[in-house]
Amino acid sequence: MNRLSWFNTVSLTLGFAFLYIPMVILIVYSFNESKLVTVWAGFSTKWYGELLGNDAFLSAAWVTLKVAVLSSTFATVLGTMGAYVLVRGGRFMGRTLFSGMIYAPLVMPEVITGLSLLLLFIGIGIERGVMTIVLAHTTFSMCYVSVVVSSRLVTFDRSLEEAALDLGCSPAEAFRLVTLPIIAPAVISGWLLAFTLSLDDLVIASFTSGPSATTLPIKIFSAVRLGVSPEINALSTIMIGIVTVGVISASLISKQALVRQKRDEQAAARAQ
Amino acid sequence: MRRFLLIAIPYAWLTVLFLVPFAIVFKISLSDYAVSIPPYVPQFDWAEGIMAFVRELDFENFIFLTEDDLYWKAYLSSLKIAISATFLTLCVGYPIAYGMARAPEEWRPTLMMLIILPFWTSFLIRVYAWMGILSNEGYLNQILLWTGIINEPLTILNTNTAVYIGIVYTYLPFMILPIYSALDRLDGSLIEAAEDLGCSRAQAFWLVTIPLSRPGIIAGCFLVFIPTLGEFVIPSLLGGSGTLMIGKVLWEEFFSNRDWPVASAVAVILLLILVIPIVLFQRNQQKQAEADQ
Amino acid sequence: MQSSKFAPWDDPDAKPLIRFRNVTKRFGEFTAIDNLTLDIYEREFFALLGPSGCGKTTMMRMLAGFENPTEGVIELAGQDIAPVPPNKRAVNMMFQSYALFPHLSVWDNIAFGLRRDRMSKQDIEKRVDEMLRLVRLEKFAKRKPHQISGGQRQRVALARSLAKAPKLLLLDEPLGALDKKLRQDTQFELMDIQEKTGTTFVIVTHDQEEAMTVASRVAVMDQGQLMQVSTPDRIYETPNSVYVADFIGDVNIIKGRATPDGEETYRIDWAEGQQPLIAKSSNGFASGQTCHLAIRPEKVTISSERPADAANALQGRVHDIAYLGNLSTYHVELPNGTIIKAQTSNTRRISRRTFTWEDTVWLSWTATAGVLLAD
């Protein structure tokens with residue numbers, strides 16, 4: 001076991017170093033004084049200042065946020081419905097097609113999704129802008145939400161719903177009072193997933209946005225095509241920071257809930 | 001009525017925004033190029049009827065794709081890059097997944113979180129991070145020059161090597177997670193049984209651990225291979241002019257050449273190429289789900 | 001069935017196959033095995049019996065090579081086995097979970113160990129077929145483990161661990177996953193196979209009935225120590241401690257004070273206002289020493305009249321009757337509240353039962369029926 005754990009230590013250390021060193025470098029060099037990003041010239045926060053003064057970035061960030069909130073909310077509603085239909089819908093016409101349409105966008109190359117949606121929007125003559133990006137993002141992220149929620153619904157004890165119906169709930173009440181509270185964590189993580197996917201998306205947004213709406217990834221992409229820039233480093237650091245705080249606090253909250261549940265169970269067991 | 005709405009709303013949404021767009025792509029891939037907005041002449045008009053459509057139907061754009069060897073090369077080189085990058089990701093990811101599965105129980109949630117965390121950070125930023133590392137004056141070359149391993153800076157950025165590094169880096173979590181979950185479920189007494197029956201550690205790993213983690217390996221490989229094949233961001237930021245990947249070709253055909261019919265034809269063929277691995281992947285997942293029951 | 005001649009443990013010249021010599025095993029602070037010494041002989045069917053956490057599984061894992069003793073020596077055929085890794089030991093193990101490789105067929109599972117020995121193809125085929133015949137699974141060779149029943153899986157695991165003809169076969173709760181009926185059939189099958197192959201078997205179990213059925217000798221363990229090592233009949237008839245008496249089967253324990261009363265005979269005062277009990281014992285007791293009289297329910301006779309010649313007779317009231325089909329156990333409450341269990345065979349139909357609830361009855365037993373144990 002000792003020799004093995006030596007091997008494991010090395011592979012874990014190298015693996016995590018590989019995953020994290022690029023990001024650490026990015027963060028460190030965002031505080032670089034010099035315009036030349038690869039040469040260290042002393043500590044400075046001036047690039048953050050410049051970033052905050054850059055209206056193009058700020059308005060792109062605002063558009064991105066708007067798109068992400070709207071599309072992830074729509075996607076959560078539609079995706080939860082889709083999951084419920086998939087798991088509990090029973091048999092209906094075109095069920096196979098439906099489940100195909102839920103799973104296909106997950107494996108579809110983004111370039112194809114983007115291209116096809118653009119052609120649709122042109123075909124029916126919608127002007128491209130924030131609305132079209134929201135529609136596009138809702139479509140592909142609702143499928144992710146569906147997968148997350150349906151995996152929870154599959155393990156859900158059906159007799160709980162039956163008990164609610166037995167006690168006099170209508171099907172809608174049973175869903176609202178019993179099913180929804182229990183699958184809520186999956187719905188929330190579905191929303192978070194949809195939100196990040198939307199924040200992250202470059203390709204689909206590039207196809208479906210018009211001149212009036214530029215999202216942050218589009219802005220970043222056109223900037224970094226020209227090479228590494230300290231402003232982008234600063235922006236990346238802010239984004240990494242937000243995500244890190246979000247993920248760590250989410251995992252702490254869920255861990256705390258788990259610890260509390262375990263403690264309650266132990267207390268209950270002792271009380272017996 | 002409620003049930004009808006419940007089914008109808010998501011159904012209609014996906015039909016209009018997913019299925020219909022595909023039909024349009026397919027249709028336009030059969031159209032002729034025209035300098036106008038939109039830059040194509042629709043081949044199909046309801047008024048003329050289906051007969052006329054069939055009469056005038058030509059696979060001009062597809063024939064064009066076969067004639068211009070740029071496309072063939074792009075498809076082949078995408079396949080080659082995707083396959084090699086998937087294999088590289090497996091080689092890097094398997095030891096990490098194995099180490100995680102053998103780590104003390106109380107560490108595992110933290111390790112899991114550390115694997116998932118990069119997945120939540122922007123894809124674009126993660127690719128961008130490597131631009132600073134791999135460029136001629138980048139951090140990697142600085143270190144290598146400083147330690148005296150090389151005398152001349154290495155050209156890595158804008159080559160296929162950089163594309164491989166980028167793919168392995170960004171898709172690593174997709175490889176690690178399914179393999180980890182397969183290894184985590186592996187019953188430790190199977191390894192002991194193999195040793196008891198005369199296997200050395202290495203033999204037990206080869207004869208028991210690897211075959212039993214195979215569903216995870218297959219799932220991980222598909223999860224890396226399928227999106228890599230149509231990848232656009234990595235080849236356009238890290239790759240050079242010599243890096244041919246079909247996602248990038250499609251993008252340029254569309255945005256630079258504005259040849260929509262050809263872009264659509266490229267998309268249709270890419271989709272046809274993807275159908276095979278997707279079907280295989282589905283079958284693997286299904287088989288595993290059945291085995292779990 | 002156990003031939004009375006097979007008793008190497010009584011032969012001072014017999015060489016044990018396995019020797020545990022002052023073996024201690026600690027996991028951090030926890031002592032799993034505490035300075036334990038034990039000999040197991042060739043061709044024995046040896047059972048390690050005890051509640052969960054008593055250290056029996058640790059003993060087995062040390063024999064298989066998955067754990068090494070913290071102190072002391074384990075010898076196999078006279079050689080210290082500590083430096084030998086599990087894959088080089090002539091010891092095979094049948095796992096509690098069976099640990100059948102799910103990706104291999106029944107046939108390949110059995111051949112797995114043979115292939116590691118670089119046996120020729122024909123020899124492997126011959127041996128696997130022989131093993132399949134032994135466990136009567138010829139028809140299932142091509143199946144995967146999840147395509148056969150639990151009882152069949154158990155037999156595959158047995159065949160796999162026997163295929164390499166080990167000097168010693170370890171069985172970790174081999175029948176734990178089977179239902180009761182199948183378990184009983186399989187017990188006899190195990191004994192048959194053990195006799196046919198002549199392999200030494202060490203079985204770990206928490207089921208005392210199973211240990212008593214299959215084993216030539218049983219070691220009762222508790223908290224890392226051996227409480228008693230003996231043949232099943234001696235463990236049952238002459239347990240050496242209250243723990244063993246209580247662990248094996250059903251027993252009445254009466255606590256009292258012994259007073260010598262003739263040769264190897266003691267008078268036991270056990271309750272105010274009750275007649276003292278008489279018991280014979282070869283264990284010496286001082287006058288006034290605290291003792292426990294352990295008496296099996298089936299050795300207690302129940303009758304409506306006081307038997308004339310009984311050494312011990314007590315009157316009580318039937319408090320409860322447990323009807324088990326072939327047997328009935330009467331719980332009889334004595335005037336001081338003590339409950340004594342008495343068991344009788346139901347040779348008559350239940351409607352003709354002599355005693356019923358609340359009847360006043362007499363319980364009696366001979367002076368040699370019980371075992372007198374020290375504190």
Nearest-0.5 Å distance that lies between atom [atom1] in [X] and atom [atom2] in [Y]:
X: B/Glu192; Y: C/Arg61; atom1: CD; atom2: CZ; value: 4.0 Å
X: C/Phe112; Y: B/Cys199; atom1: CZ; atom2: SG; value: 3.5 Å
X: B/Leu197; Y: C/Ile110; atom1: CG; atom2: CD1; value: 11.0 Å

Greatest number of non-hydrogen atom pairs under 4.5 angstrom with chain C, of B/Leu207, B/Leu190, B/Val208, B/Asp187, falls to B/Leu190
Within residues 162-174 of chain C, contacts to chain B at heavy-atom distances under 4.5 Å involve C/Lys164
Contact list (residues 62-90 of chain C to chain B, heavy-atom gap under 4.5 Å, by number) returns C/Ala64, C/Phe66, C/Pro86, C/Asn87
For C/Arg160 and B/Ala193 the tightest heavy-atom approach is NH2-CB, 3.5 Å
Scanning both residues in full, the closest heavy-atom pair of B/Asp196 with C/Val91 reads OD1-O, 3.4 Å
So, the part of B/Ala204 with a heavy atom under 4.5 Å from chain C: the answer is neither
So, the part of B/Ile191 with a heavy atom under 4.5 Å from chain C: the answer is neither
Honestly, the part of C/His103 sitting under 4.5 Å from a heavy atom of chain B is both
By salt bridge (charged side-chain N to carboxylate O under 4.0 Å, His left out), C/Asp123 pairs with (sequence neighbours left out) none
Residue pairs passing the salt bridge (Lys or Arg N to Asp or Glu O under 4.0 Å) test with at least one member in residues 92-101 of chain C, sequence neighbours excluded, are none
